[in-house]
Amino acid sequence: MDLDTLLRAIEATAIATELREGESWFPWIEAIHVLAITLVVGSISIVDLRLLGWTSLDRAVGRVTATVLPCTWTAFAVAAISGALLFSSNAMTYAHNSWFLAKFVFLGLAGVNMLIFQFGVNGSVDNWGSAATPPGAARIAGALSLLFWIGVVTCGRWVGFTLQPGMGG
Amino acid sequence: MRTKALLDFCDAIDATALSQAIQNNKWVVPLVQTIHILAIAAVLSSILMINLRLLKVAGLDQSLARVSDRYRPVVWWTLPLLLASGLILIIGEPARSLANYFFQLKMFLLVCVIIVTVLLQRPLKHDPLYWDSRTALAGTLAVLSMALWSGIVFAGRWIAYI
């Protein structure tokens, strides 16, 4: 089964059809998606700015992440579920949109960056977490995370302007 | 609200050179919307951190005054950026925004949430422990604040659909 066949099958599911043809499902779920994304990006940037040594300097990195990351992951789960629903409604169109694909490249990069940080320099966070300026590897992880998430939001917004008319700008 | 005066005002903005320039450039609106959303992200997350502390749900290793000092400036410094980016979007698409029911609702919610934010933050100036003894009211205002901000995001997205 090639990819397009799979995408058509997704679009043909009962839930995708209802989302596509129902009067107001799409804007409601889209609004939830936007709200969730803003909380993901805003909260993760609190951690990123701490890793860069710019803000929350009176607080150890471990304390900042303990407060913020539960919010980030909760919001991410909501963003992923609402995003999957939006995708299903027009799977073919999204999968062939360059901005949509670029968004997922940035999302993937953000994920890889997080894993490298998690299994790398974060292993010794107890040693450096209280310092105002974290080590170079942590600062780079923070800067890249900010960059990648801004990329996700930018591409995501452009998706709305590059689909066929009537999809809501 | 779609009075004739309002629609005339929209037409007048629409006819300006600046509005025409924005309309004829397909990059400006998505770019400014992206900045607007990133600014919303900064405000919303800062408000969330303060509200979670007000509700005693997170950040309990720090005093409310300290959490508020960390995030309050983000809110007040980002609001002008939100207003400026919003203004560019209005000039670019005046009728789509000003005469739109959801835009009007969004502005109403914005005024409400600014009042709630000031009510929460003012007492801390003179008494950092003010809310510690008023848990119920603090929690209510915190929940109200999150609800209003969520409403602002929802109304903002719905502008595109009517």
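Throughout, protein chains are lettered first and strands after them, A, B, ... in sequence-line order, and every chain is numbered starting at 1. Every heavy atom of this structure was used, including side-chain atoms; hydrogens, water molecules and symmetry mates were not.
- The greatest number of non-hydrogen atom pairs below 4.5 Å with chain A, out of B:L48, B:I159, B:I40, B:L31, is found for B:L31.
- Most heavy-atom pairs under 4.5 Å with chain A: of the set B:A41, B:S45, B:P30, this distinction falls to B:P30.
- The greatest number of non-hydrogen atom pairs below 4.5 Å with chain B, out of A:P27, A:A66, A:A75, is found for A:P27.
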Pair B:Q62, A:T67 - check side-chain contact (heavy atoms from CB on, under 4.5 Å), show working. CA-CA 11 Å; B:Q62 290 190 305; A:T67 306; over 6 Å; no
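- If you chain together hydrophobic residues whose side chains sit under 4.5 Å apart, A:L52 and A:F117 never meet in one group.
- Connection of A:V152 to A:F104 is established within a shared hydrophobic cluster, with ILVMFWY side chains joined at heavy-atom distances below 4.5 Å, either directly or through further cluster members.
- Note that the NE2 atom of B:H36 and the CZ atom of A:R157 stand 11.0 Å from one another [nearest 0.5 Å].
- Of the atoms belonging to A:W28, heavy atoms from both backbone and side chain fall under 4.5 Å from chain B.
- Connection of B:L7 to B:M1 is not established within any shared hydrophobic cluster, with ILVMFWY side chains joined at heavy-atom distances below 4.5 Å, either directly or through further cluster members.
- For A:F100, the CZ atom counts as densely surrounded, since its 6.0 Å shell holds more than 12 non-hydrogen atoms of other residues, nucleotides or ligands.
- Interface summary for chain A: among B:A42, B:S46, B:S150, B:A58, the most heavy-atom pairs under 4.5 angstrom belong to B:S150.
- Ion pairing of A:R59 with B:D61 is present here, as a side-chain N (NZ or NE/NH1/NH2) and a carboxylate O approach within less than 4.0 Å.
- Only the side chain of B:R66 comes within contact range of chain A, with heavy atoms under 4.5 Å apart.
- Expressed to the nearest 0.5 Å, how far CG of A:D58 lies from CZ of B:R70 amounts to 9.0 Å.
- Following chains of ILVMFWY side-chain contacts shorter than 4.5 Å, one can reach A:M114 starting from A:L144, so the two form part of one hydrophobic cluster.
- A:I15 CD1: 12 or fewer foreign heavy atoms inside a 6.0 Å radius.
- Interface residue A:V68: backbone and side-chain heavy atoms are both found under 4.5 Å from chain B.
- At most 12 non-hydrogen atoms from other residues, nucleotides or ligands lie less than 6.0 angstrom from CH2 of A:W73.
- Taking CD1 from A:I150 and CD1 from B:I37, the interatomic distance works out to 13.0 Å, rounded to the nearest 0.5 Å.
- Taking OG1 of A:T162 as the start and NZ of B:K26 as the end, the distance is 10.0 Å to the nearest 0.5 Å.
- With a 4.5 angstrom heavy-atom cutoff, A:I32 touches chain B via backbone and side-chain atoms both.
- Relative ring orientation between B:W27 and A:W99 is described as perpendicular, the plane-to-plane angle rising above 60° on a 0-90° scale split at 30° and 60°.
- At a 4.5 Å heavy-atom cutoff, the contact between B:L44 and chain A is made by backbone and side-chain atoms alike.
- Each of A:L49 and B:I50 belongs to its own hydrophobic cluster when Ile, Leu, Val, Met, Phe, Trp and Tyr are linked at side-chain heavy-atom distances under 4.5 angstrom.
- Counting non-hydrogen atoms of other residues, nucleotides and ligands closer than 6.0 Å to CD of A:E21 gives a total above 12.
- Contact annotation for A:T72: neither backbone nor side-chain heavy atoms come within less than 4.5 Å of a heavy atom of chain B.
- When heavy atoms are compared at a cutoff of 4.5 Å, B:I35 does not approach chain A at all.
- Within 6.0 Å of the CZ atom in A:R63, the count of heavy atoms belonging to other residues, nucleotides or ligands does not exceed 12.
- To the nearest 0.5 angstrom, B:Y161 atom OH is 11.0 Å from A:S24 atom OG.
- Within the 4.5 angstrom heavy-atom criterion, atoms from both the backbone and the side chain of A:S56 approach chain B.
- Of all non-hydrogen atoms in B:M49 and A:C71, the two that sit nearest each other are CE-SG, 3.9 Å.
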